[in-house]
Colleague: 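Dropping a structure here in structure tokens format, bear with me for questions.
Just so it is clear, the structure is predicted and the values come from calculations on it, not from any experiment.
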Amino acid sequence: MARKAVAQELSRERILEEARGLFATHGYRALTMRSIAKSMGYSHGALYYHFKEKAELFYALIRDDFSTLLRRQQELMSTYAQPSIVLLQNWMLEFIRFGLDNPNHYEIMFMINDSEIMTYSRSEQAQCLELFSEVVRDVVSSYNDNSEISYTLPWTLFMSLHGFISYSIHYKQSFAEVEKMAEDHVHFLCRNLKASATGGRGRRSEPAEAAAGAEFGMEKSGLKPTRETA
């Protein structure tokens, strides 16, 4: 009875508040339920009253981050009457920003091959990837109705974004430090997307490309301005 009273005193909210700081400092793999409880001055049994395992505890933290990412993606999409290459550019840059602003969470959400984590986060990952795929497919279909390209390009683009984020996280680079490279990377991907979708045909003139770049830089969709304008 006394043990239950202690567990109830140690609220779920307090555990989450304390655990967030510990995960951010030490990472996922370095912590155990016992070490988390010890740092809080409780027995690990008090944590198990609220969470059956470490993965469930951490998922309670990152669930809000998945929700935030999805909400930001959906809000960004709602500002456009129809899918466009500019929407895709902003979507990809926002994804990079999210990953580098939340490196510990991104690592758990998309990088760690841990069966415990996958049990909890698989559906949220699928939602993020499917939303991205919808945007890519809609943009590609405006250039080419090739279903094979529409199927393969979303995954190819996502893996390129994931590689950029993972590399930056590995070297502890913030979004502010790599923002210009991120913009260039996104522009490169979009130029190649159009080339793949059109088979190299229909390349716009330099003034048209410049106009698209200016439109991207002046978007007011919640992102910081991404290009200096003359």
Side-chain angles (χ1 to χ4, degrees), residues 69 72-77 79-80 82-103 106-107 109-111 125 128-230:
L69 176 59
R72 285 161 65 172
Q73 292 169 344
Q74 291 165 343
E75 288 174 353
L76 185 61
M77 292 173 65
T79 63
Y80 293 83
Q82 58 186 14
S84 68
I85 199 73
V86 177
L87 166 60
L88 183 60
Q89 288 171 329
N90 277 305
W91 195 104
M92 291 194 289
L93 193 62
E94 179 68 10
F95 186 70
I96 292 173
R97 183 196 302 275
F98 177 87
L100 298 186
D101 282 349
N102 306 276
Y106 185 89
E107 183 178 3
M109 293 161 72
F110 292 104
M111 292 170 64
Q125 287 181 358
C128 291
L129 293 174
E130 180 55 30
L131 194 60
F132 177 59
S133 296
E134 287 178 13
V135 176
V136 175
R137 285 194 293 265
D138 287 342
V139 171
V140 169
S141 67
S142 68
Y143 296 113
N144 189 320
D145 204 21
N146 188 318
S147 59
E148 183 177 350
I149 292 176
S150 296
Y151 175 78
T152 57
L153 270 179
W155 182 245
T156 301
L157 291 172
F158 175 80
M159 289 304 294
S160 184
L161 295 174
H162 177 66
F164 185 98
I165 296 169
S166 302
Y167 183 90
S168 300
I169 288 175
H170 179 76
Y171 287 100
K172 303 185 185 305
Q173 295 171 308
S174 68
F175 181 77
E177 291 174 310
V178 301
E179 184 171 5
K180 180 60 170 62
M181 285 191 294
E183 294 166 10
D184 291 342
H185 185 64
V186 165
H187 277 281
F188 174 81
L189 293 177
C190 287
R191 284 197 302 270
N192 281 276
L193 178 151
K194 186 178 179 184
S196 297
T198 62
R201 301 185 305 276
R203 179 172 174 80
R204 289 180 294 187
S205 65
E206 290 184 4
E209 293 284 358
E215 181 184 358
F216 175 44
M218 293 185 288
E219 282 297 317
K220 304 300 183 183
S221 56
L223 298 174
K224 292 188 292 186
T226 55
R227 291 199 179 276
E228 294 181 0
T229 54

Colleague: I need the minimum non-hydrogen distance between Val139 and Ser84, along with the two atoms involved.
Modeller: CG2-O, 3.5 Å
Colleague: Would you compute the distance between atom CD of Glu75 and atom CD of Glu94 and round it to the nearest 0.5 angstrom?
Modeller: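 Here the rounded value is 9.5 Å.
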Colleague: To the nearest 0.5 angstrom, please state how far the CG atom of Leu76 sits from the CH2 atom of Trp91.
Modeller: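 Those atoms lie 9.5 Å apart.
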Colleague: Can you check whether Ser160 reaches Met92 side chain to side chain, under 4.5 Å on heavy atoms?
Modeller: no
Colleague: Indicate yes or no: does Glu134 engage Arg137 in a salt bridge with an N to O separation below 4.0 Å.
Modeller: no
Colleague: Looking at every heavy atom in both Ile96 and Ile165, which two are closest together, and how far apart are they?
Modeller: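 Heavy atoms of Ile96 and Ile165 come nearest at CA-CD1, 3.8 Å.
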Colleague: Passes salt bridge (charged side-chain N to carboxylate O under 4.0 Å, His left out), Lys180 versus Glu183? Steps please.
Modeller: CA-CA 5 Å; Lys180 180 60 170 62; Glu183 294 166 10; 5.5 Å; no
Colleague: In terms of heavy-atom contacts, does CD of Gln82 have more than 12 from other residues, nucleotides or ligands at under 6.0 Å?
Modeller: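 Counting neighbours around CD of Gln82, 12 or fewer heavy atoms of other residues, nucleotides or ligands fall under 6.0 Å, so no.
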Colleague: So which heavy atom on Cys128 is nearest to which on Leu69, and how close?
Modeller: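 In terms of heavy atoms, the two residues are closest at SG-CD2, 3.7 Å.
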Colleague: Give me the atom names and distance for the closest heavy-atom approach of Gly99 to Ile169.
Modeller: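 It is O-CD1, 4.0 Å.
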Colleague: Could you go through Lys172 and Glu177, starting from their C-alpha distance and side-chain angles, then the distance that decides it, and tell me whether this counts as salt bridge (charged side-chain N to carboxylate O under 4.0 Å, His left out)?
Modeller: CA-CA 10 Å; Lys172 303 185 185 305; Glu177 291 174 310; over 6 Å; no
Colleague: Supply the atom-to-atom distance Phe98 CZ to Gln73 CD, rounded to the nearest 0.5 angstrom.
Modeller: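 If we round to the nearest 0.5 Å, Phe98:CZ and Gln73:CD are 8.5 Å apart.
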Colleague: Please name the pair of heavy atoms, one in Val140 and one in Leu153, separated by the smallest distance, quoted to 0.1 Å.
Modeller: CG2-CD1, 3.8 Å
Colleague: On the 0 to 90° scale, with breaks at 30° and 60°, tag the Phe110-Phe95 ring pair as parallel, tilted or perpendicular.
Modeller: perpendicular
Colleague: If you round to the nearest 0.5 Å, how far is CG of Asn192 from NZ of Lys194?
Modeller: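 Here the rounded value is 12.5 Å.
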Colleague: Any chance you could measure Phe188, atom CZ, to Arg191, atom CZ, to the nearest 0.5 Å?
Modeller: 7.5 Å
Colleague: Find the distance between CG (Leu88) and CE (Met77) and round it off to the nearest 0.5 Å.
Modeller: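 With rounding to 0.5 Å, CG (Leu88) is 10.5 Å from CE (Met77).
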Colleague: Is any side-chain heavy atom of Phe158 closer than 4.5 Å to a side-chain heavy atom of Val136?
Modeller: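 A side-chain contact under 4.5 Å is absent here.
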Colleague: If you look at every heavy atom in Gln173 and Leu100, which pair is closest and at what distance?
Modeller: O-CD2, 4.1 Å
Colleague: Using side-chain contact (heavy atoms from CB on, under 4.5 Å), reason through Val86 and Tyr80 one step at a time and then give a plain yes or no.
Modeller: CA-CA 9 Å; Val86 177; Tyr80 293 83; 3.8 Å; yes
